[in-house]
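Both counts, for ligands and for their atoms, begin at 1 and track the order of listing.
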Amino acid sequence: MMDLSQAKIRFNRSEESLLKKIGAIADKLNLETYLIGGYVRDKLLKRACMDIDIVCVGDAIKLSKEVAVIYNLPPPTIFKRFGTAMIKAGEFEVEFVGARKESYNKDSRKPIVQNGSLEDDQNRRDFTINALAFSLNKVSWGKMLDPFRGIEDLKNGVIRTPLSPKVTFTDDPLRMLRAIRFASQLKFDISLETLNGIKECADRIEIISQERITTELNKIILSDKPSIGFKLLHEVGLIEKIFPAMARLRGVDYVNGKGHKDNYFHTLQVLDNVAYKSNDLWLRWAAIMHDIGKPKTKRFNNKIGWTFHGHDAVGAGMTPSIFRKLKLPLDHKMKFVQKLVRLHLRPISLTKENITDSAIRRLLYEAGEDIDQLMMLCEADITTKNEGKQKRYLANYELVKEKMNEIEEKDHIRNWQPPISGEEIMDVFNIGPSREVGIIKNAIKEAILDGDIANSYKEAHSFMLNKAKEMGII
Ligand code: CTP
């Protein structure tokens with residue numbers, strides 16, 4: 001629980017001078033003006049925040065223009081459709097909006113905006129903790145208008161809608177995801193009524209664009225303990241609507257009394273483990289995706305029980321279409337996730353056999369510069385509660401890592417390219433681009449990875465000549 005007994009906001013000097021100036025300009029224009037929303041919330045929670053939202057009862061665009069002039073800034077960017085204006089003042093982005101009543105069209109996010117009082121404006125906001133207004137006018141500087149007991153909710157760590165949840169969520173269904181995102185980011189609880197409201201309105205999420213959904217999903221993933229958000233997404237029935245492939249991981253099947261682990265909760269444990277070590281969004285995505293191929297590959301075998309053979313390759317195969325659907329990038333970030341999904345079982349298999357140099361070289365070659373991230377994922381994948389096993393598995397990975405360091409020092413495979421290129425092969429044998437060139441190039445790479453020849457130009461060259469002879473090229 002936060003101690004907000006004083007509920008006082010402490011501004012640093014540059015913030016205070018900016019806000020006081022805005023207040024003075026508002027006084028001059030005779031506009032009742034407040035600091036509102038996320039900035040007030042984050043200041044009270046002592047979290048960093050650079051986006052300042054200002055609401056005034058009246059013409060916000062006029063206010064923003066005047067602030068820009070006094071501050072000698074370029075004119076504000078005006079978003080006519082929303083009646084808002086934005087200026088960049090040093091490190092801050094300040095958004096100005098006139099207090100408004102807003103009601104939404106049932107089937108779209110497009111609001112019908114009408115001017116309103118501060119109270120109207122607070123009513124239409126998403127959560128009590130985001131509806132706090134801090135007065136900027138000189139006579140009332142610092143007065144906090146908190147009609148929904150948002151400060152108490154901040155103290156108690158509660159997310160609650162100011163109006164009935166049904167009204168707030170129907171106005172903008174994305175708020176259901178925002179509630180869960182704030183719960184995950186701030187480690188807050190969602191009030192029971194608000195949680196029930198989300199369950200009731202979950203279907204409405206379908207009118208929200210995938211981009212906005214994915215922005216919230218990524219914020220959940222980037223929170224310190226993302227499982228908080230994903231458990232809530234499951235509890236309210238949103239996960240199957242926004243990310244069905246992940247929802248399919250949920251559940252345990254039994255045959256002859258034998259069950260497998262619930263792969264949804266296992267995945268969340270892996271995700272939390274990775275999140276504890278790294279803030280990299282894409283490594284976290286790799287944790288989410290690592291077992292995504294399990295539902296498709298699940299089989300029961302009377303002798304060995306449940307198997308998920310090939311779930312690594314199947315999961316890697318599913319990665320591009322899932323990224324496309326979620327409007328995630330399809331560039332090297334997707335390729336990175338796909339690679340980790342494809343390789344996530346390889347280090348385990350190395351610990352099960354006698355580790356050969358060639359197996360290590362192959363893994364180093366395939367993982368390339370992502371090897372450390374891959375090992376981080378593999379370690380995070382150890383979720384057994386049995387301490388003995390946990391220690392043994394980690395020790396095995398230490399051994400693999402030691403071996404990798406030795407081989408890397410010796411052979412420099414990590415960012416390695418085979419010493420003979422396709423062009424050179426074509427030149428030497430005077431042939432054009434063909435299947436043969438690929439066969440020879442691959443054979444050289446395999447021979448080096450297997451340790452049959454050294455990783456040197458000389459040995460690769462004579463190997464190439466022999467291979468060409470064998471193929472009848474020379
Ligand atoms: N808001 C809302 N409904 C939304 C989005 C925003 O009522 N769907 C209101 C809230 O009062 C919110 C403010 O607009 O505090 C600013 O929104 P935004 O900048 O998107 O979020 P923040 O609350 O500032 O939080 P964050 O920056 O973490 O997204």
Is any N or O atom of [X], backbone or side chain, closer than 3.5 Å to an N or O atom of ligand 1?
X: Arg175; answer: yes
X: Asp172; answer: yes
X: Arg181; answer: yes
X: Asp51; answer: no

- [ ] Show your working on salt bridge (charged side-chain N to carboxylate O under 4.0 Å, His left out) between Arg212 and Asp172 and close with a plain yes or no.
- [x] CA-CA 12 Å; Arg212 295 181 79 212; Asp172 179 6; 3.5 Å; yes
Minimum side-chain heavy-atom gap [X]-[Y] below 4.5 Å:
X: Asp126; Y: Thr161; result: no
X: Pro173; Y: Met176; result: yes
X: Phe92; Y: Glu15; result: yes
X: His266; Y: His290; result: yes
X: Lys401; Y: Glu379; result: yes
X: Lys101; Y: Asn115; result: no

Option with minimal heavy-atom separation from [atom], where the choices are [options]:
atom: atom 20 (O) of ligand 1; options: Met176, Gln185, Arg178; result: Arg178
atom: atom 2 (C) of ligand 1; options: Asp126, Ile52, Ile36; result: Asp126
atom: atom 22 (P) of ligand 1; options: Arg125, Arg41, Glu93; result: Arg41

Task: Residue Lys219 vicinity, atoms of ligand 1 by number, heavy atom under 4.0 Å - done: 29 (O)
Task: Numbering as shown, the atoms of ligand 1 that approach Gly37 to under 4.0 Å (heavy-atom distance) - done: 15 (O)
Task: Carboxylate-amine/guanidinium contact Arg124 Asp121, below 4.0 Å - done: yes
Return yes when [X] approaches ligand 1 closer than 4.0 angstrom through a heavy atom, no otherwise.
X: Leu174; value: no
X: Asp53; value: yes
X: Phe182; value: yes

